[in-house]
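Since the structure comes first, as structure tokens, the remarks are kept for the end.
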2 protein chains.
Amino acid sequence: MTAHPIAANDGGSPDRREEVLAAAAECFMRRGYEATSMDDVADMLGATKGRVYHHFRSKPELFFEVFRRAISILAREAGVHETGPGTAAARLRRMARAHVLCMMETQTFQRNLTLGVDLYRFGETSAEHRATLEELMDLRRAYEDAFRRTFAAGKADGSLAAPDPSLAMRTLLGAINWVAVWYSPRHGETRAHRETLADGIVDQVLQGYLA
Amino acid sequence: MTAHPIAANDGGSPDRREEVLAAAAECFMRRGYEATSMDDVADMLGATKGRVYHHFRSKPELFFEVFRRAISILAREAGVHETGPGTAAARLRRMARAHVLCMMETQTFQRNLTLGVDLYRFGETSAEHRATLEELMDLRRAYEDAFRRTFAAGKADGSLAAPDPSLAMRTLLGAINWVAVWYSPRHGETRAHRETLADGIVDQVLQGYLA
DNA sequence: GTCTATAAAGGGATAGAC
DNA sequence: GTCTATCCCTTTATAGAC
């Protein structure tokens with residue numbers, strides 16, 4: 001891996017590595033991890049796999065990067081609200097709303113989270129890849145823990161009424177993770193449309209957990 | 001397909017075709033549709049793929065049978081409660097409870113429902129398989145409609161308070177479908193344990209939809 | 001930085017033995 | 001009803017041209 005202008009990423013000019021990553025996310029989502037070939041990813045870019053292998057050493061590493069990106073988007077957009085102002089219920093609402101928007105706007109990346117968990121649970125991988133997978137599972141657990149802690153905080157400050165924070169975390173995340181499964185962007189849809197939809201979903205879902 | 005003693009299935013003696021189907025469900029769940037080889041299915045049975053091909057013409061047909069089985073279990077166990085006694089809220093609770101138990105007890109089959117939807121949305125299939133997939137998607141839609149109708153009925157009889165029955169159906173099913181993703185049976189677990197867990201989940205989740 | 005060509009391995013499906 | 005052997009195609013990954 002020679003000097004890539006990855007720093008230019010922040011500056012604005014589109015990065016080639018980023019294009020490969022996005023194409024891979026799309027392919028993995030559509031066909032699953034093992035069924036996706038490096039040729040599929042290349043085809044989606046209108047290139048050959050020489051280009052893919054130039055940016056990523058192997059298929060597992062490509063997938064791991066997709067996973068890492070997915071969870072890092074969630075942590076940045078949603079997890080960050082754990083430490084905001086207001087009651088636990090208010091913070092939970094901001095977290096859930098941002099999470100839903102991520103499911104809609106970075107769907108191709110987010111759907112690969114489940115794929116990664118299955119790979120961890122059932123896949124046969126080398127020791128090195130196993131270690132990376134463990135690390136990625138830790139990232140995911142850490143993200144989920146923010147929801148668990150917020151449910152516990154809501155029990156303490158009286159704003160939330162879930163008797164079992166772990167179970168509440170699971171049912172809430174189930175409801176909002178599922179958005180990535182059924183959501184499909186409409187033609188001409190704007191950010192405002194998605195925000196309205198996200199508010200509707202979150203209002204609906206949080207109703208059951210409020211004190 | 002020559003004379004199989006499929007009728008013996010009802011009688012009690014284990015059916016060979018059924019064994020292949022169960023092994024296939026497990027493999028498809030673990031590795032995904034395309035990544036699962038007919039050899040994988042055979043290996044899980046301690047056999048070779050000659051046996052698999054004797055019972056199922058092709059890999060797609062094998063998968064379709066797994067999908068069909070999954071949805072038919074749900075329709076029988078949960079969908080049937082749509083027409084039971086009591087308020088819409090009471091019926092919805094019985095449906096959701098049975099659904100959760102299915103997610104736990106026939107997990108390997110149920111997890112393939114999402115796989116099938118992805119295959120339908122993104123897969124490249126022959127015209128014949130396409131037609132079968134359409135039919136399977138209809139079965140799934142019909143099952144989901146039972147939930148949608150019950151939410152609408154609850155609006156009418158005043159037992160449920162979801163403003164948008166379609167959205168309520170999606171968030172509720174998301175929360176309870178997700179059980180199949182995180183649930184893992186504990187050692188020595190009994191049906192009673194699962195029923196208690198299912199009741200906890202359903203109590204938690206339905207809270208938000210009650211009038 | 002991306003291409004073509006190729007090696008080595010594994011997949012779906014069938015034929016025919018038993 | 002299940003197994004072995006086989007055909008043909010696709011896959012991962014690398015080497016080396018440009």
Side-chain angles (χ1 to χ4, degrees), chain A residues 1-9 13-24 27-28 30-66 115 119 122-126 128-129 132, chain B residues 1-9 13-24 27-28 30-66 115 119 122-126 128-129 132:
Chain A
M1 210 172 303
T2 49
H4 285 301
I6 292 179
N9 212 9
S13 89
D15 190 69
R16 308 294 264 158
R17 192 172 192 269
E18 211 60 25
E19 287 176 23
V20 176
L21 199 61
C27 289
F28 287 135
R30 290 189 177 206
R31 304 165 52 83
Y33 170 67
E34 303 198 47
T36 296
S37 73
M38 298 298 256
D39 279 321
D40 290 337
V41 178
D43 283 353
M44 176 149 291
L45 292 163
T48 65
K49 58 187 164 189
R51 179 161 159 198
V52 180
Y53 276 105
H54 177 73
H55 293 284
F56 297 92
R57 218 170 307 172
S58 66
K59 192 167 90 152
E61 301 224 354
L62 178 52
F63 178 77
F64 294 155
E65 275 309 297
V66 170
L115 241 46
L119 197 60
F122 304 121
E124 293 140 24
T125 49
S126 71
E128 188 198 341
H129 290 150
T132 306
Chain B
M1 208 173 303
T2 49
H4 287 302
I6 292 179
N9 213 8
S13 88
D15 190 68
R16 307 297 261 160
R17 192 171 192 269
E18 211 61 23
E19 286 176 24
V20 177
L21 199 62
C27 290
F28 287 134
R30 290 187 178 207
R31 303 165 55 81
Y33 170 68
E34 304 198 47
T36 296
S37 72
M38 296 300 256
D39 279 323
D40 290 336
V41 177
D43 283 353
M44 175 150 292
L45 293 162
T48 66
K49 58 187 165 189
R51 179 161 158 196
V52 179
Y53 275 105
H54 177 73
H55 293 285
F56 298 91
R57 221 169 304 171
S58 67
K59 194 167 89 153
E61 301 225 353
L62 177 53
F63 178 78
F64 295 156
E65 275 308 297
V66 169
L115 241 46
L119 197 60
F122 305 121
E124 294 141 25
T125 48
S126 70
E128 188 197 340
H129 289 152
T132 306

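From a predicted model like this one, the values you see are computed outputs, not experimental measurements. Below, chains carry the letters A, B, ... as their sequence lines are ordered, and counting in each starts from 1. Any value given below was found using the heavy atoms of this structure, including those in side chains, with hydrogens, waters and symmetry copies removed.
Listed candidates were C:dA13, D:dA13, C:dT2. Nearest to the side chain of A:Arg16 is C:dT2. The listed nucleotides are C:dT2, D:dA13, C:dG12; the one nearest the side chain of A:Pro60 is D:dA13.
Remark: P of D:dG1 and CZ of B:Arg51 are 11 Å apart, rounded to the nearest angstrom. When the P atom of D:dC9 is taken as reference, atom CE of B:Met38 falls 20 Å away, rounded to whole Å. One interatomic measurement links the two molecules: OH of B:Tyr33 to P of C:dG12, which rounds to 9 Å at whole-angstrom precision. For the pair A:Lys59 NZ and D:dT14 C1', the interatomic distance rounds to 17 Å; values are reported in whole Å. Distance, A:Leu62 CG to D:dT12 P: 11 Å, rounded to whole Å. Protein atom NE2 of B:His54 is 15 Å distant from nucleotide atom C1' of C:dT14, rounded to whole Å. Nucleotide C:dG11 holds its P atom 16 Å from the CZ atom of A:Arg31, rounded to whole Å. The CD-C1' distance, from A:Glu34 to C:dG10, rounds to 12 Å in whole Å.
Atom CE in A:Met44 sits 13.0 Å away from atom CG in A:Asp39 (nearest 0.5 Å). Expressed to the nearest 0.5 Å, how far CG of B:Leu115 lies from OH of B:Tyr33 amounts to 10.0 Å. In this structure, CZ in A:Phe63 is found 12.5 Å from SG in A:Cys27, a value given to the nearest 0.5 Å. The CG atom of A:Leu21 lies 4.5 Å from the CZ atom of A:Phe56; values are rounded to the nearest 0.5 Å. Between the CZ atom of A:Arg16 and the CG atom of A:Leu45 there is a distance of 8.5 Å, given to the nearest 0.5 Å.
Near DNA chain C, meaning a heavy atom under 4.0 Å away, the residues from residues 42-49 of chain A are A:Ala47, A:Thr48.
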Might you list the N or O atoms of the protein lying below 3.5 Å from N or O atoms in nucleotides 16-18 of chain C, with each pair's distance?
none

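The two residues A:Val20 and A:Arg51 have their closest heavy-atom pair at CG2-NE, 4.4 Å. Of all non-hydrogen atoms in A:Lys59 and A:Glu34, the two that sit nearest each other are NZ-O, 3.1 Å.
Side chains of A:Glu61 and A:Glu128 form a contact here, defined as non-hydrogen atoms less than 4.5 Å apart.
Between A:Asp39 and A:Gly50, the residue anchored nearer the 5' end of DNA chain D, judged by the nucleotide with its closest heavy atom, is A:Asp39.
When each of A:Arg31, A:Lys49, A:Arg30 is checked for a side-chain hydrogen bond (donor to acceptor under 3.5 Å, both in side chains) with A:Asp40, only A:Arg31 meets the rule.
Residue B:Arg57 places no side-chain N or O under 4.0 Å from the OP1 or OP2 atom of C:dG12.
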